[in-house]
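This report refers to the structure that appears directly beneath it.
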Amino acid sequence: MLRTHTCGQLRREHVDQTVTLCGWVDSRRDHGGLIFIDLRDRYGKIQVVFDPSKSASTELHDLAGTLRNEDVLRVSGTVVRRSEKDVNPKLPTGEIDVRALELKVLNKSRTPPFEPGTTDPPNEELRLRYRFIDLRRPRLQELMLFRHRVTKLVRDYFDEHGFLDIETPMLGRSTPEGARDYLVPSRVHEGCFYALPQSPQIYKQILMVAGFDRYMQIARCFRDEDLRADRQPEFTQIDVEMAFVEREDILQTIDGLVAHLMRSLRGEEIPLPLPRLSHREAMEKYGSDKPDLRFGMELVDLGDLVANCGFAVFKNALAEGGRVRGLCAPQAAAKYSRKNIDELTTYIADFKAKGLAFFRVTPTGLDSPISKFFSPDEQAAIIARFQAAAGDLIFIVADKGPVTSAALGALRARLGRELKLYDPNQMHFSWVLDFPLFSWNAEESRWDAEHHPFCNPVEDDVPYFQTDPGQIRAQSYDMVINGCEGASGSVRIHDPQVQQQVFDLLGIDPQQAEERFSFLLEALRYGAPPHAGIALGLDRWVMLFTGCDNIRDVIAFPKTQKAADLLSGAPAAVDAKQLKDLHIRIVEENR
RNA sequence: GGCUCCGUAGCUCAGUUGGUUUAGAGCGCCGGCCUGUCACGUCGGAGGUCGCGGGUUCAAGUCCCGUCGGAGUCGCCA
């Protein structure tokens, strides 16, 4: 070892010891005579003092004078106690100094493009290009450490519950459903490609068939889709599958994991079971399949109250089979000007809502450009339906049912944030159950799997296969954390006939199914146990636990919105030889 | 693919309705001085294709178009 101690480790009890430290120059204060160096490693900072009066030769002091930020040093010296007036209460090591006796510069640093110690980090492009410096920042060091703790706790939890960690291939077969695949060309098989896994879904089901009845893996997954603040093209799932279980077993297992993490990471006891609501209930009350339940402000239906009102927009929407729904923002009337409300109207237009009606609640009724269309009785009924109080601001959307959900769900989330209706440090976990098994894809006039095609239908709903597939509920479950999808899973189909029924509806005929999923279908024919599983988005969990608002901060080497790694320069062109080996020719597209 | 925001010194930013010759500040950097600082102090200095290309104009960092890069979002994400 090049060092006897770490920089953050030394305290008063080390006084008089001779120590050797290694680290980076965090800052220097050169007084001409005395030189102070703050030496930093990932354990902390300590002040090193170079005192010319205490050394025989000037060599040590001259060298200390050449030190610059981010130089890497090895320093030997004596730990000394600071006099009372020189104690720095801001540092855990602030009661002591290391008085340098020997200095070796292990590596000079170029002047860094930014200081790790900066209070005001530079733009992200620069941070990502110089990620090795960015990662020296205490905040990112904390985040990496936290992430390590989470994965350790997760592994320990599943290990204690008898789960086996089994790796599955990264080079797999492209299956056409779902997200766009990242493809890897084969050298040996001309014109053929591997696909990087979108998730280990099929392999983990096959592990169940193989008899490993409790599986977990911290698995890297790849999806070639556009990025978001909480979405990277490669990300990490905590992947879980269990055999001989029902839905309830998965829910309880994950409930236990949540309690374990909350206890270990935050010292909070969380009551179990975690709250559950149905997909239908979530859409009805919150307009979202991942509602933030840290606050209420539920959606309310006004259809019966305004069916015969004087306001044509509401009446017509209902007459055309649509809905009139709204929400009541507590004490927001004075906080939102007409201009602010116009902005909200533009915002919900993204979700296809054609308009946003609003009422300011006054002691005597409703104040709004459209209040003249509503009789005093109707106004009173609306106020009563929302249980509104003077000073509240009511928003109403009249549109097709799903549009009212999407628009009001988005509006609710935004108002909750803007009105600070919740404590941002609170963690709220809940289950959303019974998603629809299929959703109608109007563009392509076909049914799509809502979750994936291996998800078991609720038994009572099986007759709907013939009559109304949109009614079939899935034996699925999503975990929602603070309005984010934190995990998603289902009871799987273990009966090849049910599986074929699902494929039929998705428009995958037996021959296509054989081609695409033969290995899974074949496995299901050789004694597949009932099984169920779930996958948790590790990056998002770390984000939520640490209060980060973007996923890149919890990933050591993340990619930009255009899926580029600014540090390495990936993706990049390759040699002609490499392409030739892979039987690939690049064709310039005409513009 | 659509919409929105951002790009001025190494970094963070200012730069007015287009008009003061030489585009500023703080931090950082370089040099001098400084023995108890810890956001050290102090004196001096260097550092700019205003992302790039085109256009409008007597005049463009400022207005317009295109483009590149970064961010947010809708679509997309079984």
Pairs under 3.5 angstrom only: tabulate donor-acceptor contacts from the side chains of residues 111-118 of chain A to other protein residues two or more places apart or in another chain.
unit_1, atom_1, unit_2, atom_2, d
A:Glu115, OE1, A:Asn69, ND2, 3.1
A:Glu115, OE2, A:Asn69, ND2, 3.3
A:Thr118, OG1, A:Asp120, N, 3.1
A:Thr118, OG1, A:Asp120, O, 3.3

For A:Arg68, report the nucleic acid contact type (base, sugar-phosphate, nothing); a contact means any heavy atom under 4.0 Å. sugar-phosphate
Are there over 12 heavy-atom neighbours, none belonging to A:Phe193, within less than 6.0 Å of that residue's CZ? yes
With a 4.0 Å cut-off on heavy atoms, is A:Arg552 in touch with a base, just the backbone sugar-phosphate, or nothing at all? sugar-phosphate
Report the distance from atom CD1 of A:Ile133 to atom C1' of B:rG10, rounded to the nearest whole Å. 11 Å
Any strand is fair game: report the nucleotide pairing with B:rA46 by Watson-Crick or G-U wobble, both distances under 3.5 Å, or none. none
Using the C1' atom in both, what is the distance from B:rG47 to B:rC3, to the nearest Å? 39 Å
Counting any heavy atom closer than 4.0 Å, what does A:Ser199 reach on the DNA or RNA strands: base, sugar-phosphate only, or nothing? base
Below 4.0 angstrom from OP1 or OP2 of B:rC74, is there any side-chain N or O of A:Arg228? yes
B:rA23 to B:rU4 separation - P atoms, rounded to the nearest Å: 34 Å
Whole-Å P distance, B:rU37 and B:rG32: 24 Å
Can you see if the side chain of A:Gln561 gets near the phosphate of B:rG72 - specifically, an N or O under 4.0 Å from OP1 or OP2? yes
Find out whether the Lys NZ or Arg CZ of A:Arg412 is both under 6.0 angstrom from the six-membered ring centre of A:Tyr286 and within 45° of the ring's axis. no
Selection from B:rG70, B:rG28, B:rC76 that lies nearest to any side-chain heavy atom of A:Thr560: B:rG70
N/O (side chain, A:Arg110) to phosphate O (OP1/OP2, B:rG10) under 4.0 Å: no
So that I know where these two stand, are A:His5 and A:His14 an aromatic pair - ring centroids less than 6.0 Å apart? yes
Any strand is fair game: report the nucleotide pairing with B:rC58 by Watson-Crick or G-U wobble, both distances under 3.5 Å, or none. B:rG19
Categorize A:Asp97 for me: base, sugar-phosphate, or nothing, with a 4.0 angstrom heavy-atom threshold over every strand shown. base
We want to know whether A:Ser337 and A:Asn340 form a side-chain donor-acceptor pair, criterion being a heavy-atom distance below 3.5 angstrom. yes
Is the ring centre of A:Phe36 under 5.5 Å from the base ring centre of B:rU37, and are the two planes under 30° apart, so that they stack? yes
Candidate nucleotides B:rU37, B:rG70, B:rC77, ranked by approach to the side chain of A:Arg223 - the nearest: B:rC77
Could you tabulate the donor-acceptor pairs under 3.5 Å formed by side-chain atoms of residues 84-93 of chain A, not counting sequence neighbours?
unit_1, atom_1, unit_2, atom_2, d
A:Asp86, OD2, A:Ser83, OG, 3.0
A:Asn88, OD1, A:Lys90, N, 2.9
A:Thr93, OG1, A:Lys45, O, 2.6

Quick one: closest heavy-atom pair of A:Phe503 and A:Ala513, and the distance? CD1-CB, 3.5 Å
How does protein reach along nucleotides 39-51 of chain B, written 5' to 3' as B (base within reach of a heavy atom under 4.0 Å), S (only sugar-phosphate), or - (no contact)? SB-----------
Give A:Asp226 one of three labels, base, sugar-phosphate or nothing, depending on what nucleic acid heavy atoms sit under 4.0 Å from its own. base
